[in-house]
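Here is the naming used below: chain letters follow the sequence lines, and residue numbers restart at 1 for every chain. This structure is a prediction, so every number in the text was calculated from the model and none was measured.
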Protein chains: 2
Amino acid sequence: MVSATKSFAPETAAPDAAEPTARQAAVLDAVLALMQESGGQLTMTAVARRASCSKETLYKWFGDRDGLLTATVQWQASRVRAGRYDRQKLDASSLRDSLRGFAANWLSVISSPTSIALNRLAISHAASKQSNLGQIVLDNGRFAIGNRLKPVLEEGRAAGLLQFDDTEAAFRTFFGLAGRDVQIRLLLGDTLTLEKSEIARDAAAATDQFLALYGRTEPKPAAA
Amino acid sequence: MVSATKSFAPETAAPDAAEPTARQAAVLDAVLALMQESGGQLTMTAVARRASCSKETLYKWFGDRDGLLTATVQWQASRVRAGRYDRQKLDASSLRDSLRGFAANWLSVISSPTSIALNRLAISHAASKQSNLGQIVLDNGRFAIGNRLKPVLEEGRAAGLLQFDDTEAAFRTFFGLAGRDVQIRLLLGDTLTLEKSEIARDAAAATDQFLALYGRTEPKPAAA
DNA sequence: ACCGAACCGTAACGTACGGTACGGCTTCCT
DNA sequence: AGGAAGCCGTACCGTACGTTACGGTTCGGT
């Protein structure tokens, strides 16, 4: 898929790679496990040994090392697609719940070892400009959550609960209020543990701040 | 200061290596230049060629590759120490100017090619847990600006202009409002150009939002 | 003028790792 | 049963790169 390897079948219908088989998925999980182990050396030999498969098979399935990493990133991305927010009635309370859910979900994603390892990998590759791992990670992280949250914001505006001109700007503010310095600190190796309760509290605080800035009706800030 | 990171206070004397000589500084500048070139392969041979010095000298001066990179990061960090904010009278207007200055400075730092390259390098090393480049970058980036801004916030509170309980939490909010998604997007290779005017505008917007959340007296938003 | 230190340029060495080849085993099809 | 295909384990190859070694040149001190 990646470089100019022999152009045989797999890329006909699917935009990229077809769904991996169960065995292939096991290999990709091995890659994910390997890259989360501190100082984990992500060599083809290590992957083959960890997945109990031969290197020959790795190259047959994924082309080259870059193809394997790309497939791994996409594999992980495909399982993050969850948390559909069905448009409910959307009053002030449900909007607040939705925002809190988004913030909490985002915080737990970026603080997960998998996300940290994946982002570090993609950033390393972005430095050498090889491959487009960075774009894939961005598309399935920052931009994916943006595309899922912005409709909620616009519905909130349509319902008279929010007030803003630029949806993108409003989303970026929410993004900043929720994420703050968490991601960069974790990527740089700062030991920063986010308990579930802490995530919930931070998500609620970020939501309150966002509503204070963009809410039309004051959300009763004194209430706990 | 927040978590249990060993962030010892801003050392006055050189904590590690002594000041590099002019020739050594030239070598370190060569490293910096090299790591900013897209796809720049940061090999010892490339550094030696770029700096017109022998590899033997590199090893004599810096020990090994890691020592060279560490010295480079510290070298760059040592020149970012600028922008002292002398405590002026601190009325509402000067506080706002200070905050805008901090936000604009931070945005221009994180969007500079040098910062991007340095952070990518440190993040790559944090993945392999080797060395403490991540901690150095963190201490001279996120924590340094925190230590410089927090006194301003507390002075603002003492002057009755701001209202908050937790200085650290207030700073992190400001950090998030100013940085938003800029750093992670740049690190992942997103093409995101920040013009000087755009930085000034974003910094002003972040400051307004921060004051809306933490300001005690409404800063007269209608006035230009 | 002489000596030694510092340094440059380059060659050489060792290893790690991406990629390939091959023998043997299992499975499935006919 | 027999053959073919897929795959595992391992040995192997070529290259890139960190690190070391060495000859040649410059320069300050005596």
message: Within the structure provided, determine whether Asp208(B) and Arg100(B) are in side-chain contact (heavy-atom separation under 4.5 Å).
response: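 A side-chain contact exists here, since the closest heavy-atom pair is under 4.5 Å.
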Could you tell me whether the phosphate oxygens of [N], OP1 or OP2, come under 4.0 Å of any side-chain nitrogen or oxygen in [X]?
| X | N | value |
| --- | --- | --- |
| Gln41(B) | dA16(D) | no |
| Arg49(A) | dC17(C) | no |
| Arg65(A) | dT20(C) | no |
| Thr57(A) | dC8(D) | yes |
| Trp61(A) | dC7(D) | yes |

What nucleotide, of [options], holds the atom closest to the side chain of [X]?
| X | options | result |
| --- | --- | --- |
| Ser54(A) | dG18(C), dC7(C), dC8(D) | dC8(D) |
| Lys55(A) | dT20(C), dT19(D), dA6(C) | dT20(C) |
| Glu56(B) | dC7(D), dA21(D), dG18(C) | dA21(D) |
| Lys60(A) | dC17(D), dC8(D), dC7(D) | dC7(D) |

Over how many whole Å does the gap from [X] atom [atom1] to [N] atom [atom2] extend?
| X | N | atom1 | atom2 | result |
| --- | --- | --- | --- | --- |
| Leu42(A) | dA16(C) | CG | P | 17 Å |
| Tyr59(B) | dG9(C) | OH | P | 16 Å |
| Gln24(A) | dG6(D) | CD | C1' | 12 Å |
| Leu34(B) | dC17(D) | CG | P | 12 Å |
| Met44(A) | dA16(D) | CE | P | 18 Å |

- prompt: Thinking salt bridges, do Glu37(A) and Arg50(A) make one under a 4.0 Å N-O criterion?
  reply: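 Salt bridge: yes.
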message: Donor-acceptor pair, distance only, cut-off 3.5 Å: does the side chain of Asp166(B) make one with the backbone of Glu168(B)?
response: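 Between the backbone of Glu168(B) and the side chain of Asp166(B) there is a qualifying donor-acceptor contact (under 3.5 Å).
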- request: Quick one: sort the Phe174(A) and Phe210(A) rings into parallel, tilted or perpendicular, breaks at 30° and 60°.
  value: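 Aromatic pair Phe174(A)/Phe210(A) classed perpendicular.
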message: Using 30° and 60° as the class boundaries, would you call the ring planes of Phe164(A) and Tyr214(A) parallel, tilted or perpendicular?
response: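 Correct class here is perpendicular.
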